[in-house]
S.K.: 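Would you mind keeping the following structure in view while I ask a few things?
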Amino acid sequence: MNATAHHVAAEAERLLRSLMHVDCDPRGKTWNYEACLAIAPLTLEINELKKDRGAVILAHSYLEPEIIYGVADFRGDSYFLSLKARELRAPVILFAGVVFMAETAKILSPAATVIVPDRDSGCSLADALTGDQLRQLKSLYPDATVVCYINSTAEVKAASDVCVTSGNVYAIVEKLPARRILFVPDRLMGDNLRTEMKRRGVDKEIITADGTCMVHDQFTPTDITAARQRYPGLLVVAHPECPPAVAAAADFVGSTGAMMKYVKTTGAPYYLMLTECGLVGRLQVESPEKAFVGGCRLCPYMKLNSLEKIRDALKSPRPDQIITLPEDVRQRAAHCLEQMFALSPAD
Ligand code: 13P
Ligand code: SF4
């Protein structure tokens with residue numbers, strides 16, 4: 001595409017209005033006009049390609065800000081993005097996130113061509129349990145209702161009764177009639193679920209698998225005590241993939257969407273966000289008046305996405321960038337996801 005100098009400058013201005021607020025870029029980038037000008041031809045090209053292909057870009061909030069604010073049509077957490085994938089009638093969905101999210105989009109929107117920029121964008125949770133391993137576990141607990149976290153493969157979803165996300169896990173498990181729940185693959189979220197059911201006075205036996213998120217399992221209660229000492233009035237906001245001792249010491253625990261909402265609707269002098277650093281970038285753009293403290297933890301899988309890979313995948317996707325699923329697996333996985341939507345409709 002031959003973008004004129006005028007178009008490029010206007011695009012750089014558009015990017016700058018959002019990106020100028022991000023000062024936690026893990027690559028050490030300073031988002032000034034020159035940095036925006038350098039990527040403007042690429043974001044213009046991607047936005048043109050989207051029109052040509054009838055493509056929609058869904059981006060998880062952990063992604064780099066130039067993807068979220070430069071080319072994404074929808075940005076958010078796993079629940080929101082799966083809902084979008086389900087209701088969109090786009091012929092092409094490019095999922096800027098990780099592979100299990102793109103698989104979920106394909107399960108829910110089978111007629112669409114679903115593309116991932118990088119096939120290696122896995123997830124330590126999804127990779128922790130295969131369909132065969134789940135079938136083995138199920139044989140040990142034949143009376144349990146099998147609840148899978150959305151961070152799981154299509155095979156695992158296909159072998160589960162109901163799917164949940166970080167935003168609806170407690171509400172859905174509370175509603176299930178079974179007392180015995182086999183919760184996979186996140187052991188730490190399963191531990192948090194057990195604590196929350198007890199707190200709500202709900203009698204459930206929660207059996208877990210052994211996966212963890214390689215980003216969230218690194219946070220410790222010491223991170224919280226140290227930050228509270230240093231920053232009076234601090235609010236600590238954690239994701240339910242964090243260890244139980246961290247969740248217990250936080251002021252709020254919820255999905256990345258709920259974490260954003262909590263920050264936007266509270267007025268603390270400082271926030272410590274116990275999640276992947278991309279979410280802080282989003283909040284710096286959308287709540288520039290808030291102050292965030294603490295270091296940056298990165299998900300190496302989410303960070304495999306880039307504008308260049310998105311452009312190339314939209315232009316001419318390689319076979320490994322196109323999500324395909326056996327139809328029987330897709331249908332069973334769709335049933336598991338539809339159970340979630342029935343038990344936890346969008347507000
Ligand atoms: P959310 O659905 O809360 O965005 O979580 C997705 C995820 O991968 C967290 O690590
Ligand atoms: Fe998976 Fe953790 Fe990365 Fe989320 S942050 S995609 S759970 S590895």
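Both counts, for ligands and for their atoms, begin at 1 and track the order of listing. Computed from a predicted model, the values in this text were never measured in an experiment.
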S.K.: Return the CG to CG distance between Leu129 and Leu137, rounded to the nearest 0.5 Å.
M.R.: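 It is 6.5 Å, given to the nearest 0.5 Å.
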S.K.: If you draw the axis of the six-membered ring of Phe219, does the NZ or CZ of Arg297 fall within 45° of it and under 6.0 Å from the ring centre?
M.R.: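 Relative to the ring axis of Phe219, which defines the angle, Arg297 lies inside both limits.
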S.K.: List in chain and number order the residues that pass side-chain contact (heavy atoms from CB on, under 4.5 Å) with Ala313, two or more places apart in sequence or in another chain; answer none if no residue qualifies.
M.R.: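 So Ala313 forms a side-chain contact (heavy atoms from CB on, under 4.5 Å) with Leu94, Ile115, Gln321.
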S.K.: With the threshold set at 4.0 Å, does a side-chain nitrogen-carboxylate oxygen contact exist between Arg27 and Glu66?
M.R.: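 Yes.
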S.K.: Which pair of non-hydrogen atoms, one from Gly70 and one from Leu15, has the smallest distance, and what is that distance?
M.R.: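 Taking every non-hydrogen atom into account, CA-CD2, 3.6 Å.
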S.K.: Are side-chain heavy atoms of Val147 and Asp161 found at a separation under 4.5 Å?
M.R.: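 No; the side chains remain at least 4.5 Å from each other.
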S.K.: Checking Phe74 now: which residues fulfil ring pair (Phe, Tyr, Trp, His ring centres under 6.0 Å) with it, not counting sequence neighbours?
M.R.: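 Phe74: no ring pair (Phe, Tyr, Trp, His ring centres under 6.0 Å) contacts found.
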S.K.: Does Arg86 count as lying over the ring of Phe341, i.e. NZ or CZ under 6.0 Å from the six-ring centre, within 45 degrees of the axis?
M.R.: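 Yes, a cation-pi geometry holds between Arg86 and Phe341.
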S.K.: Going by atom types only, do Gln284 and Asp23 share a side-chain donor-acceptor pair under 3.5 Å?
M.R.: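 Judged by distance alone, the side chains do pair up.
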S.K.: Give every protein N, O or S atom lying under 2.8 Å from atom 1 (Fe) of ligand 2, naming each by residue and atom.
M.R.: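 The answer, once waters are left aside, is Cys123 SG.
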S.K.: Contact residues of ligand 1 with a heavy-atom cut-off of under 4.0 Å?
M.R.: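 Around ligand 1, where the cutoff is 4.0 Å for heavy atoms, the contacting residues are His60, Tyr62, Asp77, Ser78, Tyr149, Asn151, Ser166, His216, His239, Glu241, Ser255, Thr256.
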